[in-house]
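A quick write-up on the structure given underneath.
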Amino acid sequence: MHFDIDATGTELPIEARAYLEYRLFSALSRYGADVFAVRVRLRDRASGGEQPLINCWVQVLLRPVGEAVVESSANWLYGAIDQGADAAGAAVDRLVSA
């Protein structure tokens with residue numbers, strides 16, 4: 001499973017990156033080799049002085065059925081990661097079951 005993670009402008013410590021990969025791998029591992037790639041984009045949408053609002057966009061590319069794309073937001077990085085991983089797993093379940 002290949003991960004492409006873009007956290008431009010969002011602080012992403014190495015521990016958080018490892019957690020992100022772990023959560024997505026856990027949510028998607030039952031599909032094995034059918035998961036070609038996972039693209040993640042993390043952005044902090046808060047403007048100066050506001051409380052953080054982390055947006056997590058996830059695209060899962062599956063062979064041969066296509067792709068699942070989800071987006072979620074939370075006020076802290078790990079919450080956004082958890083919501084994004086859960087939403088990605090549910091979207092892939094729906095895609096494969098269709």
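Quantities reported herein were computed from a predicted structural model and do not represent experimental measurements.
Nearest heavy-atom pair across Ser72 and Ala80 is OG-O, 3.7 Å. Considering every non-hydrogen atom in both Val92 and Ala68, the closest pair reads CG2-CB, 4.0 Å. Of all heavy-atom pairs between Leu42 and Thr10, the closest is O-OG1, 3.3 Å. Residues Leu24 and Ala85 come closest through the heavy atom pair CD2-CA, 3.8 Å. In plain terms, the two heavy atoms of Trp76 and Ile54 that are nearest each other are C-CG1, 4.0 Å. Nearest heavy-atom pair across Asp44 and Leu53 is OD1-N, 3.3 Å.
Follow the hydrophobic side-chain contacts under 4.5 Å out from Leu95 and you reach Leu28 in the same cluster. In the hydrophobic clustering of this structure, Phe25 groups with Val35; members are Ile, Leu, Val, Met, Phe, Trp, Tyr whose side-chain heavy atoms approach within less than 4.5 Å, directly or through other members. Clustering ILVMFWY residues whenever any of their side-chain heavy atoms sit less than 4.5 angstrom apart, transitively, puts Met1 in the very cluster that holds Val70. Residue Val60 is grouped with residue Phe3 when hydrophobic side chains (ILVMFWY) are merged at heavy-atom distances under 4.5 angstrom, including chains of intermediate members. In the hydrophobic clustering of ILVMFWY residues, with side-chain heavy atoms under 4.5 Å counting as a link, Tyr78 and Val58 come out together.
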- prompt: Can you list the steps and then say if Leu62 with Glu67 is a side chain to side chain contact (heavy atoms under 4.5 Å, CB included)?
  reply: CA-CA 6 Å; Leu62 278 94; Glu67 69 178 6; over 6 Å; no
- request: Take Trp57 and Val69, measure what side chain to side chain contact (heavy atoms under 4.5 Å, CB included) needs, and give me the verdict at the end.
  value: CA-CA 7 Å; Trp57 176 89; Val69 178; 3.3 Å; yes
- request: Go through the steps to decide whether Asp6 and Arg43 satisfy the test salt bridge (charged side-chain N to carboxylate O under 4.0 Å, His left out), and finish with yes or no.
  value: CA-CA 9 Å; Asp6 175 8; Arg43 297 288 185 269; 2.8 Å; yes
field: Test side chain to side chain contact (heavy atoms under 4.5 Å, CB included) applied to Ile5 and Glu21, step by step
entry: CA-CA 9 Å; Ile5 300 169; Glu21 291 179 3; 3.8 Å; yes
query: Hey, mind stepping through Ile14 and Tyr19 against side chain to side chain contact (heavy atoms under 4.5 Å, CB included) and telling me if it holds?
result: CA-CA 9 Å; Ile14 190 75; Tyr19 182 75; over 6 Å; no
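A side-chain donor-acceptor contact under 3.5 Å links Asn55 and Ser73.
For Arg23 and Asp86, the salt-bridge test passes: some basic side-chain N is under 4.0 Å from an acidic carboxylate O.
The number of heavy-atom neighbours closer than 6.0 Å to CD of Glu11, taken from other residues, nucleotides and ligands shown, is 12 or below.
Contact check for Val38 versus Asp4: no side-chain heavy atoms found under the 4.5 Å cut-off.
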